[in-house]
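Data block below; observations after.
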Amino acid sequence: MDMQQIMQQAQQFQQKMAGLQAELAERTVTSSVGGGMVQVTVNGRHQLVELKIEPAVINPEDPEMLRDLVVAAVNDAMAKAQEMIQAEMGKLTGGMNIPGLF
């Protein structure tokens, strides 16, 4: 394999990576906690895109409970987003874990 072929393969990989990043930015995952009282949606860029809180869970006497539910939902959604990203990246890299890609 000569250097030109290697460069072409690197460019193709870079293009596929850019396409995958754009696709993942549009994909979302959702997490629901507290029996559906708090629902969080994040995208493939790990951005929070939606937060739903049922009015019944809002208790001014116990703000810690709501905070804990929101934190749990966000953390779970972020973990799901990371799993989605790793699964898609695994398809692109043939299962190789390449540090720094995501």
Nearest-0.5 Å distance, [atom1] of residue [X] to [atom2] of residue [Y]:
X: Ile6; Y: Gln9; atom1: CD1; atom2: CD; result: 7.5 Å
X: Gln82; Y: His46; atom1: CD; atom2: NE2; result: 4.5 Å
X: Gln21; Y: Glu88; atom1: CD; atom2: CD; result: 13.0 Å
X: Gln14; Y: Met17; atom1: CD; atom2: CE; result: 9.0 Å
X: Asn43; Y: Met84; atom1: CG; atom2: CE; result: 7.5 Å

Inset, instruction - Keeping the roles fixed (side chain from Gln86, backbone from Glu83), state whether a donor-acceptor pair exists under 3.5 Å. - result: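 Such a contact is absent between Gln86 side chain and Glu83 backbone.
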For [X] and [Y], work out which heavy atoms get closest and say how close.
X: Thr30; Y: Lys80; answer: O-NZ, 3.1 Å
X: Pro63; Y: Pro60; answer: CD-O, 3.6 Å
X: Leu69; Y: Val33; answer: O-CG2, 3.3 Å
X: Arg45; Y: Ala25; answer: NE-CB, 3.3 Å
X: Ala77; Y: Ser31; answer: N-CB, 3.6 Å
X: Ala73; Y: Val40; answer: CB-CG2, 3.4 Å

Would you say [X] and [Y] are hydrophobically clustered, going by side-chain heavy atoms of ILVMFWY under 4.5 Å?
X: Val71; Y: Ile53; value: no
X: Met37; Y: Leu48; value: yes
X: Val38; Y: Met65; value: yes
X: Leu51; Y: Val74; value: yes

Legend entry - Enclosure of Glu64 CD (heavy-atom neighbours >12, cutoff 6.0 Å): yes
Legend entry - Heavy-atom side-chain proximity of Asn59 to Leu66 below 4.5 angstrom: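 Sidechains of Leu66 and Asn59: no contact.
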